[in-house]
Amino acid sequence: RSERGHSLGFTEKLKSWLSWSWTYVCFIWFGMVLIMIYVLWSPLKLQETLTSVFLNTLTPKFYVALTGTSSLISGLILIFEWWYFRKYGTSFIEQVSVSHLRPLLGGVESSSTTGLFSSVNGEAEPRPSVSECKVWRNPLNLFRGAEYNRYTWVTGKEPLTYYDMNLSAQDHQTFFTGDTQQLKPEDAVMQKAWRERNPQARIRAAYQAIEMNHECAAAYVLLAEEEATTITEAERLFKKALSIGKDGLEYTGILFLHTRSQHEAWFSFYQYINLLVYIKRRLAMCARKLGRIKEAVKMMRDLMKEFPLLGMLNIHENLLEALLELQAYADVQAVLAKYDDISLPKSATICYTSALLKARAVSDKFSPEAASRRGLSTAEMNAVEAIHRAVEFNPHVPKYLLEMKSLILPPEHILKRGDSEAVAYAFFHLQHWKRAEGALNLLHCTWEGTFRIIPYPLEKGHLFYPYPGCTETADRELLPSFHEVSVYPKKELPFFILFTAGLCSFTAILAMLTHQFPELMGVFAKAFFSTLFAPLGFFADKMESFMPSSFWHQLTRI
């Protein structure tokens with residue numbers, strides 16, 4: 001081990017010495033080239049040679065070809081750089097320079113990646129994953145058979161990505177079957193059914209589980225989600241699953257009291273609890289979609305009272321949307337007072353619903369011209385601050401609410417503060433903003449002012465934590481390929497894209513001017529080269545005045 005450590009230490013020293021010496025070797029070589037040019041300048045008459053060759057001998061067609069070829073090459077580099085930037089978000093030339101040339105020149109990694117996360121031994125550790133980029137189940141996700149499949153039938157496009165559906169399959173396995181080695185035969189079939197990629201294979205597996213056991217509630221849940229082509233049919237299947245789930249819950253309760261294997265009984269009891277919560281929530285959503293909104297509100301309230309510890313399922317977001325449809329704004333405010341707390345994870349639904357309520361109180365009489373003359377009132381200031389707060393949390397929502405960007409069907413999972421959450425919120429809440437007179441006008445006049453409040457989005461936040469930089473990658477996995485993902489903040493163009501664009505344009509202009517006006521461009525070329533070599537000639541004259549003539553004479557003879 002000591003020999004290996006010694007060899008590694010010697011290798012590191014050799015590498016550092018080579019990196020250190022490389023810089024000085026480059027400088028020495030460059031200096032020697034300058035000295036050689038200066039020494040040979042007069043004997044070889046370089047100035048006259050350059051002038052005669054480049055300005056007198058070569059024809060204008062050569063310069064047109066030279067500048068045109070330079071423009072073509074720089075244009076190809078520009079196209080490749082732009083494609084690479086659009087796909088990976090960085091410049092290829094810059095990435096190669098940083099990863100390959102910097103170590104050769106003795107450079108070190110930036111302080112953002114090392115030094116901030118180090119172990120006890122002082123060795124650098126990889127950056128931890130950003131907690132804000134956790135993917136959440138969409139509380140208002142649609143039904144696959146009755147809604148998503150209809151979209152596919154009409155447009156021929158798949159509204160859900162495989163990544164999104166795979167997350168749903170993992171959720172269903174956790175909720176309904178769990179992870180145990182003593183699964184019932186029908187549960188084992190259903191566990192494989194959730195993982196099937198083909199919808200028809202999932203439906204066939206659900207019927208196979210029902211043949212094994214007619215009381216398999218999870219199979220009816222899958223049929224309600226994916227085979228039912230209407231909400232009414234889905235509601236019927238969910239009610240069948242609910243009846244089976246209640247009977248199973250009572251049986252497991254009795255089994256828990258009388259059996260010796262209480263661990264297995266407790267697992268089954270917990271499994272049925274998850275199943276019932278899921279079914280009751282979907283039944284409430286069916287009632288909401290079928291127009292029985294008061295019934296849906298009651299079912300959601302009962303579910304939240306019956307299972308208060310399941311707040312992470314965000315059932316209150318379903319309740320907020322139903323109450324907004326009833327225009328029960330006082331009840332909406334009461335729900336917000338309970339859930340809009342600093343200790344709870346925020347969401348676009350909470351932030352924008354709060355902004356909607358405050359904007360609704362002043363939006364019907366709001367006028368930008370009048371506000372600029374007299375200033376904002378206290379109520380208007382509260383509404384504007386609420387809008388700024390909501391936009392800072394999720395800056396993608398306003399473009400969908402203002403219909404500056406087209407909506408798509410929301411995914412089954414969302415990323416908080418991401419474009420997927422903005423799509424899901426605007427899909428269900430756009431109608432509520434339109435119903436409040438002037439609310440969208442107030443949003444249109446004030447939402448962009450949020451970005452002037454935040455000093456720099458990726459480094460600092462005003463009311464929330466800094467905006468995470470991983471949202472774009474996750475949203476591209478959750479949203480379909482035909483949707484243009486909204487990116488915040490907009491990435492600045494790398495230097496090399498701007499440089500190659502300028503070089504391409506400049507050489508193209510030179511080629512065109514040389515082709516159209518060859519004599520005039522020749523005059524400009526002579527003037528340019530004369531100006532370019534003037535400092536070098538001035539430097540040579542000064543050196544000759546300092547050095548004795550015999551020294552240069554002997555040096556040139558050598």
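Just so it is clear, the values below take in all heavy atoms, side chains as well, and ignore hydrogens, waters and symmetry mates.
When each of T446, T450, I453 is tested with V391 by the rule side chain to side chain contact (heavy atoms under 4.5 Å, CB included), just one qualifies, namely T450. Shown are E412, E158, E225, E227; of these, the salt bridge (Lys or Arg N to Asp or Glu O under 4.0 Å) with R144 is made only by E412.
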Practice prompt. Please test N149 against T229 for side chain to side chain contact (heavy atoms under 4.5 Å, CB included), starting from the C-alpha separation and ending with a verdict.
Written response: CA-CA 8 Å; N149 284 349; T229 56; over 6 Å; no

Worksheet item: Between E196 and K192, does a salt bridge (charged side-chain N to carboxylate O under 4.0 Å, His left out) hold up when you go through it step by step?
Response: CA-CA 7 Å; E196 289 287 349; K192 294 180 181 179; over 6 Å; no

Worksheet item: Given the rule in the side chain to side chain contact (heavy atoms under 4.5 Å, CB included) test, do Y488 and N394 qualify, once you have shown the distances and angles that lead to the verdict?
Response: CA-CA 9 Å; Y488 171 81; N394 193 317; over 6 Å; no

Worksheet item: Can you list the steps and then say if L142 with F428 is a side chain to side chain contact (heavy atoms under 4.5 Å, CB included)?
Response: CA-CA 11 Å; L142 304 178; F428 294 100; 3.6 Å; yes

Discussion item. One pair to check against side chain to side chain contact (heavy atoms under 4.5 Å, CB included): L443 and L402. What are the steps and the verdict?
Written reply: CA-CA 8 Å; L443 177 67; L402 298 173; 4.2 Å; yes

Practice prompt. Dump the intermediate steps for salt bridge (charged side-chain N to carboxylate O under 4.0 Å, His left out) on E235 and R282, then the final yes or no.
Written response: CA-CA 8 Å; E235 185 181 37; R282 297 303 265 177; over 6 Å; no

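Side chains of P411 and T161 form no contact here, defined as non-hydrogen atoms less than 4.5 Å apart. Within the 4.5 Å cutoff, side-chain heavy atoms of R281 are placed close to those of P139. The shortest distance between side-chain heavy atoms of R301 and L323 falls below 4.5 Å. Residues E317 and L140 fail the side-chain proximity criterion, which asks for heavy atoms closer than 4.5 Å. Residues E186 and Q191 fail the side-chain proximity criterion, which asks for heavy atoms closer than 4.5 Å. Using a 4.5 Å heavy-atom threshold, the side chains of Y467 and P395 count as touching. Residues M190 and W194 are in side-chain contact: their nearest non-hydrogen atoms beyond the backbone lie under 4.5 Å apart. In this structure, W447 and K399 have side chains that are in contact, with non-hydrogen atoms separated by less than 4.5 Å.
One finds the OH atom of Y339 at 9.0 Å from the CG atom of L320 (value rounded to the nearest 0.5 Å). Note that OG1 of T353 is 5.0 Å distant from NE2 of H429, once rounded to the nearest 0.5 Å. Here the CH2 atom belonging to W136 is positioned 13.0 Å from the OG atom belonging to S420, to the nearest 0.5 angstrom. Summarising the geometry, atom CG belonging to L324 is positioned 6.5 Å from atom OH belonging to Y329; distances are rounded to the nearest 0.5 Å. In this structure, CD1 in I414 is found 7.5 Å from CG in N314, a value given to the nearest 0.5 Å. Of the inter-residue distances, the one linking Y278 atom OH with L283 atom CG reads 11.0 Å to the nearest 0.5 angstrom.
With R417 contributing its side chain and T471 its backbone, the two residues share no donor-acceptor pair below 3.5 Å. With hydrogens and angles disregarded, a donor-acceptor distance shorter than 3.5 Å links the side chain of N382 to the backbone of T378. Under the 3.5 Å distance criterion, the side-chain polar atoms of D475 are matched with a main-chain donor or acceptor of D419. The main-chain N or O of A330 is never found under 3.5 Å from a side-chain atom of Q333 such that the two would form a donor-acceptor pair. Of the possible donor and acceptor atoms, one in the side chain of T152 sits under 3.5 Å from a partner among the backbone N and O of K157. Listed for the K405 side chain is a donor-acceptor partner under 3.5 Å among the backbone atoms of E484. Although no hydrogens or angles enter the test, the distance criterion places no donor-acceptor pair under 3.5 Å between the side chain of S354 and the main chain of I350. At distances below 3.5 Å, not a single donor-acceptor pair connects side-chain atoms of R389 with backbone N or O atoms of E385.
Under the 3.5 Å distance criterion, with hydrogens and angles disregarded, a donor-acceptor pair is assigned to the side chains of S168 and R137. Side-chain atoms of E437 and S363 form no donor-acceptor pair, as typed in the model, at a separation below 3.5 Å. Between the side chains of H413 and N138, no donor N or O sits under 3.5 Å from an acceptor N or O. H432 and E321 form a side-chain donor-acceptor contact under 3.5 Å, judged by distance and modelled atom types alone.
When every heavy atom of A219 is checked against every heavy atom of A209, the shortest pair comes out as CB-CB, 4.2 Å. Of all heavy-atom pairs spanning A474 and L415, the tightest one is CB-CD2, 3.6 Å. The nearest pair of heavy atoms linking P410 to A424 is CB-CA, 3.7 Å. For the pair A228 and L237, the tightest heavy-atom approach, listed with the atom from each and the gap, is CB-CD1, 4.3 Å. The two residues V297 and A322 make their nearest non-hydrogen contact at CG2-CB, 3.7 Å. When all heavy atoms of A284 and M300 are compared, the pair lying nearest together is CB-CG, 3.9 Å.
The aromatic ring centroids of F143 and Y148 lie 6.0 Å or more from each other. A centroid separation of 6.0 Å or more is found between the aromatic rings of Y465 and F393. For F238 and Y220, the gap between ring centers reaches or exceeds 6.0 Å.
Of the charged side-chain nitrogens involved, at least one lies within less than 4.0 Å of a carboxylate oxygen, so that K289 and E147 count as a salt-bridged pair. Checked for salt-bridge contact, E306 and K280 meet the test: a charged N lies under 4.0 Å from a carboxylate O. A salt bridge links E325 to R435: at least one charged side-chain nitrogen sits closer than 4.0 Å to a carboxylate oxygen.
In this pair, W433 and Y352 present their aromatic rings perpendicular. The plane angle is above 60°, beyond the 30 to 60° band.
For R374, the CZ atom sits in a packed shell: over 12 heavy atoms of surrounding residues, nucleotides or ligands are nearer than 6.0 Å.
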